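Okay, so here's the structure we're looking at.
Since we're looking at a predicted model, the values are computed, not measured. The chains referred to below are lettered A, B, ... by the order of the sequence lines, with proteins before strands, and numbering in each begins at 1.
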Protein chains: 12
Amino acid sequence: MPAVHVINGPNLNLLGAREPAIYGGATLDDIKATLVERCAAAGVDLIFRQSNNEGDLVGWIQEAGRAKAPVILNAGALTHTSIAIHDAIKGSAANVIEVHLSNVYARESFRHHSFISPLARGVIVGFGPLSYLLAFEALFPAETRKT
Amino acid sequence: MPAVHVINGPNLNLLGAREPAIYGGATLDDIKATLVERCAAAGVDLIFRQSNNEGDLVGWIQEAGRAKAPVILNAGALTHTSIAIHDAIKGSAANVIEVHLSNVYARESFRHHSFISPLARGVIVGFGPLSYLLAFEALFPAETRKT
Amino acid sequence: MPAVHVINGPNLNLLGAREPAIYGGATLDDIKATLVERCAAAGVDLIFRQSNNEGDLVGWIQEAGRAKAPVILNAGALTHTSIAIHDAIKGSAANVIEVHLSNVYARESFRHHSFISPLARGVIVGFGPLSYLLAFEALFPAETRKT
Amino acid sequence: MPAVHVINGPNLNLLGAREPAIYGGATLDDIKATLVERCAAAGVDLIFRQSNNEGDLVGWIQEAGRAKAPVILNAGALTHTSIAIHDAIKGSAANVIEVHLSNVYARESFRHHSFISPLARGVIVGFGPLSYLLAFEALFPAETRKT
Amino acid sequence: MPAVHVINGPNLNLLGAREPAIYGGATLDDIKATLVERCAAAGVDLIFRQSNNEGDLVGWIQEAGRAKAPVILNAGALTHTSIAIHDAIKGSAANVIEVHLSNVYARESFRHHSFISPLARGVIVGFGPLSYLLAFEALFPAETRKT
Amino acid sequence: MPAVHVINGPNLNLLGAREPAIYGGATLDDIKATLVERCAAAGVDLIFRQSNNEGDLVGWIQEAGRAKAPVILNAGALTHTSIAIHDAIKGSAANVIEVHLSNVYARESFRHHSFISPLARGVIVGFGPLSYLLAFEALFPAETRKT
Amino acid sequence: MPAVHVINGPNLNLLGAREPAIYGGATLDDIKATLVERCAAAGVDLIFRQSNNEGDLVGWIQEAGRAKAPVILNAGALTHTSIAIHDAIKGSAANVIEVHLSNVYARESFRHHSFISPLARGVIVGFGPLSYLLAFEALFPAETRKT
Amino acid sequence: MPAVHVINGPNLNLLGAREPAIYGGATLDDIKATLVERCAAAGVDLIFRQSNNEGDLVGWIQEAGRAKAPVILNAGALTHTSIAIHDAIKGSAANVIEVHLSNVYARESFRHHSFISPLARGVIVGFGPLSYLLAFEALFPAETRKT
Amino acid sequence: MPAVHVINGPNLNLLGAREPAIYGGATLDDIKATLVERCAAAGVDLIFRQSNNEGDLVGWIQEAGRAKAPVILNAGALTHTSIAIHDAIKGSAANVIEVHLSNVYARESFRHHSFISPLARGVIVGFGPLSYLLAFEALFPAETRKT
Amino acid sequence: MPAVHVINGPNLNLLGAREPAIYGGATLDDIKATLVERCAAAGVDLIFRQSNNEGDLVGWIQEAGRAKAPVILNAGALTHTSIAIHDAIKGSAANVIEVHLSNVYARESFRHHSFISPLARGVIVGFGPLSYLLAFEALFPAETRKT
Amino acid sequence: MPAVHVINGPNLNLLGAREPAIYGGATLDDIKATLVERCAAAGVDLIFRQSNNEGDLVGWIQEAGRAKAPVILNAGALTHTSIAIHDAIKGSAANVIEVHLSNVYARESFRHHSFISPLARGVIVGFGPLSYLLAFEALFPAETRKT
Amino acid sequence: MPAVHVINGPNLNLLGAREPAIYGGATLDDIKATLVERCAAAGVDLIFRQSNNEGDLVGWIQEAGRAKAPVILNAGALTHTSIAIHDAIKGSAANVIEVHLSNVYARESFRHHSFISPLARGVIVGFGPLSYLLAFEALFPAETRKT
């Protein structure tokens, strides 16, 4: 079973420090820690990465696509501007769940369009760190794990 | 603890029969059955409704708001056109999670805007019937339930 | 052979009284009477309804779709605003001919777009009550009936 | 002399409870009570209604139009989306004064357009419950009443 | 009684060969043959023309206008671009019924606007060759012909 | 108690002469006369001005703002173009009721947007000279005056 | 001295018959007759043409450009749609005065843009047949002619 | 016979000095001098004015309208922004010919729309000072003057 | 092997004379001469045409489509406006390479959209006469010819 | 050496009183005082003006242009609406530095476009009164002054 | 003679694997191999690069510009979003031919605009790997190479 | 006191070589040299960087934000496209002054919008290298430095 790839885009390294009123106090390491635990329980490997570079995200998505591994993708600001990420998903047939911590639809209008959503298996928005866990749940539903 | 209100809008009664390529073969009763089970396990009541009438949805959201009950809302086509539902959520301070079965962002452009999203606690799109379960999970995270 | 469903939307009950310069002096009952006669001649049943409620139209279209019955649909103002009716047609695979009494393209620009047209078998606009008869003719061409 | 029809749209039943910072603390019953008093003083009957259903509003406007009765109309959210209400006013030649409690022009841009305004005798916006009284005053100017 | 002018625009000479999935297998000659028959039965003359030149269509519409003859007009692609044809109809006060074989509203957005529709007596769209016959029916209703 | 400032913009000096079909036959002096009477009855002073100059209106609004005096403002055409008037209201915290004689929403689309409305306490549109009186009523409700 | 080329586009052959309320009762021959007279007085030749075909206008403009002859151009409806005419003027460096009989700016919005105006020496709009004479005057000012 | 009113808007006092590549070397006084001469020849009075103030133009147009005097109006930049001038023309029923020295359609797009054109008797653009003379010619055609 | 059809639209007959700064000094005959030579070398026939009439281009494209012959198409200004040419390509399944001499993307925005491009096998823009030769190369790659 | 012209538009006279949260507590006189000091130190004269009238600003910019004097221009609300000021700068070739106290790009979208910026030597936005001093610095860099 | 720089943007490393229905089965190495051969035959060096990073492309274009070397640029998704690449071309005066494998004009509308095209010497779109060879041909026409 | 961070985006390394007509002849090193001198005089450290990579800029802004150091930011082309930079400023609460060498408002419309401006303390545009010095001046006003 291929590892779950969790890919985080620009400024997500600021989490915790960054605008806690919007994003909450949890850091990206906190989110990683919870996912590590979940993955251990589910018996799957985890690859957890963050970059401020579009090119890194493009490469990591291609890598996951080649590995036929599921992707939980929070591309941050690049969600709204990057056709290159769109093409990486399409070109590598990556299986992507798009997540966002904040409710992007309640914020500036330039955050309302996503180049990722039309290619995603599903989209989960606005639950804070829980968004990642719900995406994990979508990949490995509790029922399945129990058995 | 107030009951979970699951409110479904126009044409969701067609589920199963309706465009299975987009919506899958599960019926609305199937979804209800799974949620009944989940609610029983979590020890919460469930109010599960569907209507083709905007006015019914407005009233049910007001009712949930008054009861301070969480709402899982799939308003169907009204998602994109109903300011009345927007006002019902805002006016009754309802705690709403917006769900959609299909990936609305991969469909016609008139399905890309939602009058509900900016007021929702979170949005879950594209997972089929699993969308409802993830919303339930968001309301009652597994960890919490276990304890 | 399933009955022909003729479904009329908001304010069509005003016909005759309503803006005769635009809509002519015939009432909805006059239109029904002519269609009753035509249906009798063609040996098909007629279900003729009007409502000011979007939900009623959604339900009636679903009903016709389930019955695999042809629909002559004049959704009035809802033509231009109702995605729910669009979804009812699509979801129930209803066989719909869209009609309008007045020439909507010669009126306000908000009447120029129809959520029904892209799903209709055909569209007939601007002939007054004759629009309904032409739609009936399209369903049961004279040649066919003669034989 | 025909009764004054006061017609209220979706969510106005929430008044008082709903967003008091925007709408004030008065309930719809409070507004009705004041109008009852005014009507008594002016010697006219009052028909005061509220519904969350577009179809109800369409029907009530038609009814007022047939009765040649003046209408004070606060269609709430439907103001901005309902061509059916537009057509009801036009088709029944109803004599409508449009009112709003809050200053819709100071709120979201989707509240800036009204399908009712172009057909209204006049528009009164932003005075809270006083909006209804000013509309009444417009129908029955104080001078007239005194004599 | 003036002849019926049936005027066809660019590429309608391709009918039958052209995109049969959209336009069906009938040729323009097949359509003409059916209309010839109908006209004979109704006792009216038929002028049936096709051109790929905007100028020809402008001239033929002027000619029909001068003759006070009814026009069944399928201007093809020029429907969406030709103000000259719009002006020919308006300037010669031609009595035009606009027809289209395919459902233009289900195709590219540049086919959704027509410069002809606002000036047409009526518009019939999407019935294949039957569109022409329905237009003929609109000009000479069956009832009339029987007597 | 500060005086009521009634401020009129460009071309309102034409009233009576100007397009009586739209504006009625009353002159600006007639309106002033009625307000003089009302103010006398209510025991408040009246400052009634008209100018064709944007700068004058800006200055008068600043003056009213400084005096903490209520303003009845009919800025005429400047309503739709003057950010300077917008800023005068905002900058001087003037208490403004916006009035229009004609129903601007039933006229050209360039009259549908107002730079004043979002800053006004309320907006009264379409009642002819009565618009001013209703604004006065809004400032000094009849009940209050009686006592 | 090269001849003056007066080039008229689609439907100008209808002049006199066509919408006299907009275009007046003069025919294109009347306009030609007046210009013949003026040209004779000024001692210049006149080439006066009309066509409903864009290609003819393109060719005639090229011809005038090659001859370095001044052009009075009323391209009718093609004014608003023909980039080919734009290119003919630009490519042949034709010296063009654009004229219109009616006030195009007071008509439908699709008549407000001209592909000719940016390349014209000047534009004269709305004076009926006088528009042509003013264009002639612009080419041969009266002062000049007198001497 | 009322005087001809020639009204010039902002920055036309710069003529001659201002961007001679666009506007030529003639000053506003030069233009006035030529018109004085023409008026003398035609036996009409001339009122020739310039202002940088919108309010002045509004007043002068009202004055001309009251006097039923023809207006040659070059409103300069206000052409594109002033609804007040639009209203002055409409409200005083002024008989206006709009002129521009430069070809506004060959310049920035914000100069392509005029609030004056739809109300003007005619529009003359791009002939430099000759634009004024052609407007005069339109008011007093040479033929008329000769007799 | 069917002949190569090279089809040229409006104003391409001006080449050489027309705006040499943009289009270079070569004439259309020069381009034809080079292609004649290339075709001879490749052993294919050449049909080389130019017209200012949209209808001619529509007919020639239909002809090439019927002959299953490759088309090198420079539709000039009609590229941007002609849905009729779009339909001719689609309806006759013509195999079209779109070429332009100048870099249309570096010119006016109305030259940036092409109704031909979405249906073309490929698009070659901006190389002057070389554009035609590259298109020929695309049809008959050098490698192939050598063998 | 010509004097520095500092020109202030509508409502800047409110400074200090006006929205201190946005504009700070300094008055226009305070700004003038600081500039007087700077000018004295730099040995240049200062002309410091404010008006609520567009016409005044147009005239003052023309005056500065004629004097070849540098202009520090804060046109306030007219920045966003006045083509007349744009033309005054262009027509008089004035050397303008545009300044704003508040960060206009962080405010309403109608403040994001400036008719002045494209003609300015430079633009300085958002530094409060310091904006004026930085503009002065740009005209007379400290290094220069020291020497 | 400077080397030919062939610069490939994001996801072109996926070629062959990526969406073969759109891009064909050739890999980027296949394309490179063919170009190596062509360059050898033409006696020019080849620099062939690919990156998923916008910054790399900016740098390589600058490098080619400094070397006065011709560039064949397929910027992939960055074509449509990168002003930085636009500026690199403009700032280094690079001689760029833009190529695309697929017909971008037949795909999503966000692929129809290119920030590169207006600065390119020419654009070649839709010929698969042949697009690169045609670009090479444009740089080194066969005729030239033969001699 | 934290160092001043001067951060330069894509293509600013080309300065001096790049389009001197727009950007002048100074190189980025020249600008750095001047700032080094100023910083020495003011007693603050300077961190001066340039990159063509969005990710680098994001990281450097985060770094400055963490250090609570003031930022002079010329993001070049990324100004107009990078929401990631916007988020870096917002997320790290960086104190940013936005500068541009050229007057972006006098250039292509895609340079008129900045994702940085709404978050900047101030914006300085169009003064060439002086823009950086004015930004420095804004951070350390001369008065302050003197003392």
| request: Go through the steps for A:E108 and L:I83 under the test side chain to side chain contact (heavy atoms under 4.5 Å, CB included), then give the verdict. | output: CA-CA 11 Å; A:E108 303 97 325; L:I83 303 179; over 6 Å; no
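- The main-chain N or O of L:A84 is found under 3.5 Å from a side-chain atom of A:N11 such that the two form a donor-acceptor pair.
- The environment of CD in A:E37 is sparse: at most 12 heavy-atom neighbours from other residues, nucleotides or ligands sit within 6.0 Å.
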| said: Evaluate A:R111 against L:D87 for side chain to side chain contact (heavy atoms under 4.5 Å, CB included), listing each step before the verdict. | reply: CA-CA 11 Å; A:R111 296 193 205 273; L:D87 284 358; 2.8 Å; yes
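- For the atom pair OG (L:S92) and CG (A:N13), the distance works out to 10.0 Å, reported to the nearest 0.5 Å.
- With 3.5 Å as the limit, one finds no donor-acceptor pair spanning the side chains of A:N53 and L:E54.
- Interatomic distance, CH2 of L:W60 versus CG of A:N52, reported as 12.5 Å (0.5 Å rounding).
- Once rounded to the nearest 0.5 Å, the distance linking NE2 of A:H80 with NE2 of L:H86 reads 10.0 Å.
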